[in-house]
Amino acid sequence: MSATFIHEATLAQLNAALESGELTAERLVLAYLERIALVDPQLNAVLEVNPDALFIARALDQERSLHGPRGPLHGIPVLLKDNIDTGDKLHTSAGSLALATSRAPQDAFVAARLRQAGAVILGKVNMTEWANFMTQGMPSGYSSRGGQVVNPYDPAFDPGGSSAGSAVAVAANLCAVAVGTETSGSILDPASNNAIVGIKPTVGLISRTGIIPIAFSQDTAGPMARTVTDAAILLGTMTGIDPADPATGASEGRSYTDYTPFLDRDGLKGARLGIVRKAYFEDELTEEQQRLFAEAIEVLRREGATVEWVEIESCRDGYWRSNVLLYEFKAALEAYFASLGPSAPVRTLAELIAFNEGRPAAALKYGQTLLVAAERTRGTLTEPAYLLDRLKDQRLAGPEGIDAVMAAHRLDAILFPGSFGAWLPARAGYPSITVPGGYTSANHPLGITFTGTAWSEPTLIRLGYAFEQATKLRRPASA
């Protein structure tokens, strides 16, 4: 089968071909491997291919013939960000040389859920090293292990970070769908810059177990796809209460294993959307980006939504400084190292820093200032500065921020251009969805982001889908 068949194929189209017998999971894996061979050398998105992918696909084909499909991901190739554990022959390194030979003892909860759904874990994708919490000035999508990820729309354009490989792989049709992770913008930013759909869920909707972390309070995995429908399918597959992750306990009664019922073409009719005052992001937008955002607002209004400018009182002075990530990183990372058992290549943040110092040319192209700063913390989360910042972030971003403005204006969501403002829901642990919003004259994509309160994924999917269907702005990358 030629790789041409899979170009821009949706999960519905792939499933129809699998069900009719026109396609098999084995042939589908071969098609994506061909695409990776032909295209990825220019993009540098795929770090590793699963050596068992074809065997897994054949087994799933046999299962389908005997018992039927498990669901919409049966036999579908999925790529995972390189900070998500897989208990197989693949490595999990967060893009680092220190963990380049590290194999996890078991699947992350997310990987296990995908396997249970019949997905073929095709491989791991490159990412910004340590999820861009290694140093200042590291380019998005760069890692010591994998090199630089390249944007398929324009090699000179930022691929976004830190889930750059996941976004580029989806945009360039190297997989059907992919999984990324976010602490603050790391799904939304590359989704925006690569004209795909990214959902950053409420913290606790998807388990964090088996994912190399930055911060307990903000980390989450999330789906990345070419359509809202495909992202909704992938999201439902990954939810579930994990006894090993206390954050997921709060999702009981608030999560779904199927988000497709919330796909509503008329979902913008009667919706109320708020845009935070221009000073919040206007200075960072180019004139073309401002035009694209203005055009998106006109579409929203034409589709029946009320769009108004609002103020978030807690953000009146803009971005506020917080050191939560710096303090949580050491404790979170060393807990992950411990989960690897006695075979862990490094066991402490200090050992990681020393490893990098021992090979500066290969591992320290951009330095490790954030690693060094994090090592100076106690790693016990007892510092008053941390505790006060953590409380401030929760209060100002959540109850006095997003919650307050949405209640006051009876909003369904807050609207942002691209990933501008992504730090606010990140600090609250709240969800967002980014959908393609157009392109500049240089062919640089810009996404439109809808943000809501905790557990509002159904509403965000409804709004994002309605906008997507009204505009159908996504166009294939040139790669």
Side-chain angles (χ1 to χ4, degrees), residues 8 42-43 128 132 139-141 148-164 167-168 170-172 184-198 200 224 226-228 268 273-303 305 307-310 315 318-319 413-425 432-451 463-479:
E8 296 294 292
Q42 292 78 49
L43 302 178
T128 316
N132 206 20
S140 294
Q148 180 64 54
V149 179
V150 176
N151 191 304
Y153 287 92
D154 178 1
F157 186 50
D158 184 357
S162 63
S163 301
V168 168
V170 169
S184 184
S186 292
I187 288 174
L188 305 179
D189 184 46
S192 174
N193 285 13
N194 290 278
I196 66 166
V197 177
K200 180 266 178 186
M224 307 185 80
R226 288 180 291 274
T227 68
V228 175
L268 286 166
L273 305 173
I275 309 172
V276 181
R277 287 290 177 188
K278 294 183 180 181
Y280 194 57
F281 54 76
E282 187 179 49
D283 292 343
E284 301 180 63
L285 292 176
T286 67
E287 287 187 10
E288 281 194 279
Q289 288 174 328
Q290 291 184 45
R291 175 182 56 79
L292 290 174
F293 190 47
E295 290 173 356
I297 294 170
E298 288 307 307
V299 170
L300 295 168
R301 287 174 171 151
R302 188 170 67 242
E303 290 296 308
V307 184
E308 60 181 291
W309 294 95
V310 299
C315 299
Y319 179 91
I414 298 172
L415 196 67
F416 295 111
S419 63
F420 296 94
W423 63 273
L424 183 65
S432 300
I433 183 172
T434 294
V435 297
Y439 305 80
T440 68
S441 58
N443 202 34
H444 296 171
L446 177 72
I448 301 301
T449 299
F450 300 86
T451 288
L463 298 172
Y465 179 76
F467 178 79
E468 173 195 60
Q469 294 303 301
T471 58
K472 297 187 177 178
L473 288 168
R474 173 172 166 75
R475 61 190 185 214
S478 55

Do Val197 and Thr434 have side chains that approach each other closer than 4.5 Å (heavy atoms only, starting at C-beta)? no
Establish, from distance only, whether the side-chain atoms of Ser441 and Glu288 form a donor-acceptor pair under 3.5 Å. yes
Under 3.5 Å, side chain of Thr451 to main-chain N/O of Phe416, donor-acceptor pair present? no
Report yes if some heavy atom in the side chain of Asn151 is under 4.5 Å from a heavy atom in the side chain of Asp158; otherwise report no. no
Taking only Lys NZ, Arg NE, NH1 and NH2, and the carboxylate oxygens of Asp or Glu, determine whether Glu468 and Arg474 approach each other closer than 4.0 Å. no
Would you confirm whether Asn194, through its side chain, and Ala171, through its main-chain N or O, come within 3.5 Å as a donor-acceptor pair? no
Is there a donor-acceptor contact under 3.5 Å linking the side chains of Thr449 and Ser432? no
Pair Tyr153 and Tyr439, ring centroids less than 6.0 Å apart: yes
Kindly indicate, with the supporting measurements, whether the criterion salt bridge (charged side-chain N to carboxylate O under 4.0 Å, His left out) is fulfilled by Glu295 and Arg291. CA-CA 6 Å; Glu295 290 173 356; Arg291 175 182 56 79; 3.0 Å; yes
Hey, what do you get for OH (Tyr465) to CZ (Phe450), rounding to the nearest 0.5 Å? 14.0 Å
Shortest non-hydrogen separation from Pro436 to Ala195 and the atoms involved: CG-O, 3.5 Å
Do Asp154 and Asn443 come within less than 4.5 Å of each other through their side chains, counting heavy atoms only? no
Any Ser186 side-chain heavy atom under 4.5 Å of Asn132 side chain: no
Are any non-hydrogen side-chain atoms of His444 and Gln289 less than 4.5 angstrom apart? no
